[in-house]
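If you read the sequence from its start, that first residue is 1, and numbering goes on from there.
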Amino acid sequence: MNTELMLESTETSLLIIDERKRKDIVVGVPHHAPAGKSTLPCSEHPIADENAGFIGRYIAEKLNCCCIIACNYTTDVNKFFRTDYTMQIARWNPKVLIEIHGHGETKAKHNIEISSGSSNNDKFSKKLADKLAASFSINPELKDITVCGEYNKIYFKASTAVTISDGRWIAYHIELPPILRKPSNGTSGKPPEIGYKFCKLLIEAMHEIY
């Protein structure tokens with residue numbers, strides 16, 4: 001089964017590991033399910049981050065970096081040190097981890113929320129958020145998308161995610177709204193074009209920072 005079909009699968013629990021030349025940056029997606037499948041078979045994290053895997057894989061391909069995606073997983077993989085997901089990231093020993101998530105808009109204080117694990121790390125998350133906000137401001141499709149990287153001003157702080165609090169790398173926990181992940185029909189299908197436009201601006205920002 002190729003990777004695209006794996007990401008589109010609604011039933012099978014899979015761990016997709018894409019190893020590429022660049023290992024200093026790793027992209028992780030711990031809670032992927034395809035659009036239209038809103039739940040995971042995981043009691044600790046039953047809400048799926050629909051289509052987050054497509055976003056994460058695209059970013060990793062363009063950065064030519066390693067990527068790991070947990071699909072329809074039965075374990076909340078980024079909350080424990082000894083999951084296959086977390087241990088693979090540790091094996092790569094990156095300098096930077098970009099973790100892609102998705103929210104349902106009811107709890108988030110901003111369209112995009114970025115956390116680096118604590119207020120002490122705002123210098124990382126805020127720098128990325130500010131670069132994205134500047135890029136959004138001159139993009140007609142993204143200018144109304146709000147983004148925040150200040151720990152005390154966001155809802156999704158990622159305070160219990162061991163992959164984000166791990167001091168061995170700089171981490172970015174990025175929560176994305178449905179408009180960037182899910183097709184306009186709200187059911188099945190890959191991310192909309194606006195989602196890939198966001199990806200390109202994120203990639204540009206990462207190139208500037210690293």
Side-chain angles (χ1 to χ4, degrees), residues 1-9 14-35 49-71 73 77-78 83-102 112 114-117 121 123-125 127-136 139 141-142 147 149 158 161-164 166-176 180-181 190-210:
M1 186 184 294
N2 66 35
T3 303
E4 289 286 309
L5 290 176
M6 291 179 187
L7 292 173
E8 292 170 4
S9 174
L14 297 165
L15 187 68
I16 299 172
I17 300 173
D18 286 337
E19 188 158 301
R20 297 186 178 88
K21 182 178 180 180
R22 189 172 189 178
K23 295 182 174 63
D24 60 325
I25 297 179
V26 166
V27 178
V29 185
H31 307 128
H32 168 78
D49 296 347
E50 294 174 71
N51 273 0
F54 289 106
I55 297 290
R57 182 169 182 254
Y58 180 87
I59 293 166
E61 284 182 331
K62 297 303 180 183
L63 289 172
N64 194 26
C65 69
C66 296
C67 180
I68 185 164
I69 305 169
C71 308
Y73 237 50
V77 291
N78 69 334
T83 66
D84 45 9
Y85 172 91
T86 302
M87 289 193 294
Q88 179 59 60
I89 293 171
R91 287 188 197 102
W92 283 323
N93 192 29
K95 294 180 180 178
V96 176
L97 172 67
I98 303 168
E99 212 171 68
I100 302 298
H101 296 260
I112 299 173
I114 304 175
S115 171
S116 289
N121 289 333
K123 59 186 177 182
F124 303 119
S125 53
K127 184 175 183 179
L128 178 57
D130 288 348
K131 282 188 175 295
L132 288 174
S135 297
F136 291 177
N139 187 298
E141 291 183 76
L142 291 163
V147 54
V162 299
T163 50
I164 305 303
D166 197 306
R168 288 174 289 180
W169 48 74
I170 297 167
Y172 298 96
H173 179 281
I174 304 177
E175 286 277 353
L176 300 178
L180 299 182
R181 296 179 290 109
K190 294 180 182 178
E193 186 59 30
I194 189 175
Y196 292 108
K197 289 184 177 180
F198 156 76
C199 288
K200 291 172 183 175
L201 295 179
L202 175 63
I203 291 161
E204 288 176 8
M206 295 306 297
H207 277 309
E208 289 179 22
I209 297 172
Y210 299 101

field: F54: partners by ring-ring contact (aromatic ring centres under 6.0 Å, His included), with sequence neighbours left out
entry: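 ring-ring contact (aromatic ring centres under 6.0 Å, His included) check on F54 returns H32.
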message: So T3 and I69, do their side chains get closer than 4.5 Å, heavy atoms only?
response: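 With C-beta onward as the side chain, the pair stays apart.
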task: Report yes if the side chains of L176 and I112 come closer than 4.5 Å at any heavy-atom pair, otherwise no.
output: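 They are in side-chain contact.
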What's the spacing between [X] [atom1] and [Y] [atom2] if we round to 0.5 Å?
X: I209; Y: L128; atom1: CD1; atom2: CG; answer: 5.0 Å
X: N2; Y: L7; atom1: CG; atom2: CG; answer: 9.0 Å
X: I55; Y: K190; atom1: CD1; atom2: NZ; answer: 12.0 Å
X: L202; Y: L180; atom1: CG; atom2: CG; answer: 11.0 Å
X: R22; Y: K95; atom1: CZ; atom2: NZ; answer: 9.0 Å
X: D24; Y: L97; atom1: CG; atom2: CG; answer: 12.0 Å

Tell me, please, which residues at least two apart from [X] pass side-chain hydrogen bond (donor to acceptor under 3.5 Å, both in side chains).
X: R20; result: none
X: D18; result: none
X: D166; result: R168

Residues in side-chain contact (heavy atoms from CB on, under 4.5 Å) with [X], at least two apart?
X: S116; value: N121, F124, S125, Y172
X: A158; value: S115, A161, I164, H173
X: A52; value: V29, D49, I100

- prompt: Is the number of heavy atoms from other residues, nucleotides or ligands under 6.0 Å of K23 NZ greater than 12?
  reply: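 Atom NZ in K23 is packed in, count exceeds 12.
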field: Heavy-atom closest contact (F136 atom, L142 atom, distance)
entry: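 Heavy-atom minimum between the residues: CB-O, 3.5 Å.
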- request: For V96 and W169, work out which heavy atoms get closest and say how close.
  value: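 Residues V96 and W169, closest heavy atoms: N-CB, 4.2 Å.
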Would you give me the side-chain donor-acceptor pairs under 3.5 Å for residues 191-198, sequence neighbours excluded?
unit_1: K197; atom_1: NZ; unit_2: E141; atom_2: OE2; d: 2.0

Expected list for residues 58-67: side-chain donor-acceptor pairs under 3.5 angstrom, two or more places apart:
unit_1: E61; atom_1: OE2; unit_2: R57; atom_2: NH2; d: 3.4

message: With side chain to side chain contact (heavy atoms under 4.5 Å, CB included) as the test, pick out the partner of I68 among I16, V27, L15.
response: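 With I68 as partner, side chain to side chain contact (heavy atoms under 4.5 Å, CB included) holds for just one option, L15.
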Run the side-chain donor-acceptor check on residues 84-93: report pairs under 3.5 Å with partners two or more places apart or on a different chain.
unit_1: D84; atom_1: OD2; unit_2: Y73; atom_2: OH; d: 2.6
unit_1: Y85; atom_1: OH; unit_2: E99; atom_2: OE2; d: 2.8
unit_1: T86; atom_1: OG1; unit_2: V77; atom_2: O; d: 2.9
unit_1: T86; atom_1: OG1; unit_2: F80; atom_2: O; d: 3.0
unit_1: T86; atom_1: OG1; unit_2: T83; atom_2: OG1; d: 3.0
unit_1: Q88; atom_1: OE1; unit_2: R91; atom_2: NH1; d: 3.4
unit_1: W92; atom_1: NE1; unit_2: E19; atom_2: OE1; d: 2.8

message: Between S135 (side chain only) and K131 (backbone N and O only), is there a donor and an acceptor less than 3.5 Å apart?
response: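 Side chain of S135 to backbone of K131, a donor-acceptor pair under 3.5 Å: yes, one is there.
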